[in-house]
> 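Would you mind keeping the following structure in view while I ask a few things?
Only heavy atoms go into these numbers, but all of them, side chains included; no hydrogens, no water, no symmetry mates.
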Amino acid sequence: MNLMMLLEMAAEGLGDRVAVGSLDDGLTYRELYDRAHGAANRYRAAGVESAVVCAESSPALPIALFGSAWAGIPYVPLNYRLPADDLLALAERAGSAVAIADESNLERLGGLPGVSSVSAEAFSADPAAGTDEHASPGDWNMDPDDLAVLLFTSGTTGSPKSAVLRHKHLVSYILGSVEFMGAGEDEATLVSVPPYHIAGVASMLSSVYAGRRIVQLPRFDPEVWIDTVEREGVTHAMVVPTMLTRIVDALDARGGAPMLGIRALSYGGGKMPRPVIERALDLFPITNFVNAYGLTETSSTISLLGPDDHRVAQYSDDPIEQQRLASVGRPLPGVEVQVRDDDGAVLGPGEVGEIFVRGGQVAGEYREKGSLLDADGWFPTRDGGFVDDDGYLFIQGRNDDVIIRGGENMSPGEIEDVAISHPGVRDAAAIGVPCREWGEKVVLLIVADGDAPDPDELDDLIRERLRSSRVPSHVEVVDELPYNETGKLLRRVLREQFAHLGDDPTD
Amino acid sequence: MVELKPGARFQSTACSTEVIVVKGAGEVDLTCGGAPMVASGSGEISGSPSDDAAGGTQLGKRYGNADETIELLATKAGDGSLAADGGALEIAQAKPLPASD
């Protein structure tokens with residue numbers, strides 16, 4: 001198996017359709033195939049270990065992704081926004097490389113031993129590409145265990161690890177979740193997630209296999225996003241929660257007129273604030289919403305909440321159906337999910353534990369630590385949560401974020417969900433802060449929606465819905481919560497910022 | 001007879017069809033156009049599909065047997081139709097999932 005197989009099929013089935021870019025001057029699938037061949041020749045001639053990309057989204061990225069697969073070296077996208085020292089440290093771990101770099105990083109990366117850097121424009125415009133006949137036989141390696149992509153995980157805790165994705169994992173994900181040529185000729189997807197995020201990689205693969213044109217938005221801005229949707233005839237998009245929040249605010253600022261052109265909008269990457277998704281359902285009244293849950297280590301999506309569940313939740317009076325909006329839906333057909341307790345025992349519906357997953361797309365491997373799969377192929381996600389009676393999966397945050405108060409484990413997610421259900425709360429974060437008496441105490445940070453609610457009201461609400469041990473010792477109103485660019489709440493930052501409350505003598 | 005396992009690739013010897021195994025295990029008499037299929041890259045196309053096996057394959061479609069133990073994905077289309085151990089492989093109905101990334 002090789003990722004090139006996906007592009008080869010698209011070039012054969014839809015050769016003249018535009019794969020990436022605008023309808024009038026974008027690259028067709030056949031052109032993308034030819035450019036990938038040119039890129040493969042470039043990588044082979046250089047004899048490098050890695051295909052590094054340290055640049056904003058552009059057509060150079062899918063060319064490099066497929067070209068590296070053709071040449072048999074891993075595609076290694078780096079976060080071009082990192083400070084120079086951090087960036088160089090990561091780039092060194094990729095070994096010898098051809099590195100596509102933005103102007104600010106061209107010299108920096110090119111100075112590393114064994115690394116030659118090239119701009120995205122020069123890489124895409126390789127005159128060697130395009131001269132090969134389309135029929136040039138694919139001489140890529142078909143070993144399913146070959147490395148396809150190395151991704152540095154976002155590292156909300158500690159130093160980044162490099163997740164290993166092999167051809168078999170990514171191909172398995174695409175074959176299991178995307179219908180070949182399933183997209184209509186008029187469909188286009190707007191990609192605004194960072195290219196060094198798993199969703200950025202997966203979107204290139206799934207769009208190519210589906211035959212859906214890729215429109216790239218290099219720097220997310222809600223106004224530009226809305227304008228691009230209209231100008232490019234975008235029908236599909238994937239966003240992270242912070243993006244949707246800003247899009248919703250921008251649409252409201254424009255008068256709240258509904259957007260009807262977007263047929264499908266998927267979101268994931270972090271916890272979506274309930275008021276945002278509810279408002280989005282109103283502003284995109286006929287759009288199919290999809291909440292996707294996945295990890296870098298699982299080749300993107302493993303579970304999704306589909307369009308029907310969203311609309312049922314929007315219009316239902318049934319609390320169970322409404323609550324599903326907080327779930328990530330059901331696992332993909334090729335993925336199995338188990339919830340286990342601390343001793344490894346498999347838990348039943350409604351019981352909270354650690355989520356384990358298994359399937360052909362589950363890689364669960366790091367360069368530094370090797371495979372984390374157990375003997376039966378199960379991968380511990382480090383995410384806590386439960387499965388309800390109907391098989392819907394609810395995620396309650398990272399296990400590393402569990403608050404342990406007086407020996408009792410509690411998930412920040414359950415406290416946050418209750419807090420956000422208060423009409424005066426727009427967003428909330430519960431954290432554990434070290435203290436002498438309890439080991440950790442609960443601190444609740446809220447972003448007010450209008451006037452800040454009375455903390456006593458929140459305490460009562462939490463006591464009533466959960467139990468008294470979950471009632472926060474402190475409720476603090478903040479202007480905003482710190483998220484990384486893919487929408488993950490940076491609890492570490494909050495724990496540091498509010499550590500002083502730990503042994504507050506006024507308790 | 002060929003050995004099926006997910007990811008294995010086979011080509012027809014009677015037409016241009018090529019497939020990749022999505023699901024399946026063990027020894028199977030795999031044919032296309034009435035002629036045995038062989039590992040991709042290991043055979044030549046000779047002859048043409050027999051009349052009773054000339055329904056053709058379509059690029060990107062999945063083909064499965066009745067008891068759903070075998071599923072093949074056509075990576076190249078051709079004029080022959082697929083069979084395993086004498087039983088025709090039919091187009092498997094795709095279970096469409098909404099786009100998620």
> For residues 18-40 of chain B, tabulate all N or O donor-acceptor pairs below 3.5 Å that involve a side-chain atom, not counting sequence neighbours.
residue, atom, partner, partner atom, Å
B:E18, OE1, B:S40, OG, 3.4
B:K23, NZ, B:E68, O, 2.9

> Counting only non-hydrogen atoms closer than 4.5 Å, does A:F289 touch chain B with its backbone (N, CA, C, O), its side chain (CB onward), both, or neither?
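Neither the backbone nor the side chain of A:F289 comes within 4.5 Å of chain B.
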> At what distance, to the nearest 0.5 angstrom, does CG of B:D101 lie from OG of A:S177?
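Taking CG in B:D101 and OG in A:S177, the distance rounds to 7.0 Å.
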> Examine whether an atom of A:P144 lies under 4.5 Å from a heavy atom of chain B, and if so say whether it belongs to the side chain, the backbone or both; otherwise answer neither.
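Neither part; nothing is under 4.5 Å.
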> Compare all side-chain heavy atoms of A:L304 with those of B:S100 and state whether any distance is below 4.5 angstrom.
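Sidechains of B:S100 and A:L304: in contact.
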> Check A:R212 against B:A99 and note the closest heavy-atom contact, atom names and distance.
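Taking A:R212 first and B:A99 second, the nearest heavy atoms are NH1-CB, 3.7 Å.
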> With a 4.5 angstrom heavy-atom cut-off, is it the side chain or the backbone of A:V290 that approaches chain B, or both, or neither?
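For A:V290, the side chain is the part near chain B, not the backbone.
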> Contact part of A:M204 toward chain B, heavy-atom cut-off under 4.5 Å: side chain, backbone, both or neither?
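Neither part; nothing is under 4.5 Å.
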> Does A:D146, at its CG atom, have more than 12 non-hydrogen atoms belonging to other residues, nucleotides or ligands within less than 6.0 Å?
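More than 12 within 6.0 Å, yes.
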> Ignoring hydrogens, what is the shortest heavy-atom contact between A:Y209 and B:L73? Give both atom names and the distance.
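Heavy atoms of A:Y209 and B:L73 come nearest at OH-CD2, 3.4 Å.
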> Against chain B, label A:A202 side chain, backbone, both or neither, depending on which of its atoms sit under 4.5 Å from a heavy atom there.
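When you check distances to chain B, atoms from both the backbone and side chain of A:A202 fall under 4.5 Å.
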> Go through A:M5, A:M238, A:M181 and name the one with the most non-hydrogen pairs under 4.5 angstrom from chain B.
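Top count of heavy-atom pairs under 4.5 Å with chain B: A:M5.
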> Does B:K61 have more than 12 heavy atoms from other residues, nucleotides or ligands lying within 6.0 Å of its NZ?
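Not more than 12 within 6.0 Å, no.
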> Quick check: under 4.5 Å, non-hydrogen atoms only, which of residues 1-16 of chain B neighbour chain A?
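The residues closer than 4.5 Å to chain A, in numerical order, are B:P6, B:G7, B:R9.
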> Could you give the distance from OG1 (B:T75) to CE (A:M1), rounded to the nearest 0.5 Å?
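It comes to 11.5 Å.
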> Identify which of A:H167, A:H236, A:M142 forms the greatest number of heavy-atom pairs closer than 4.5 Å to chain B.
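Most pairs with chain B among the choices: A:M142.
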> If you count every heavy atom of other residues, nucleotides or ligands that lies below 6.0 Å from B:D51 atom CG, does the total exceed 12?
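It does not: B:D51 CG has 12 such atoms or fewer within range.
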> Checking heavy atoms, do the side chain of A:L332, its backbone, both or neither come under 4.5 Å from chain B?
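Side chain of A:L332 only, per the 4.5 Å heavy-atom cut-off to chain B.
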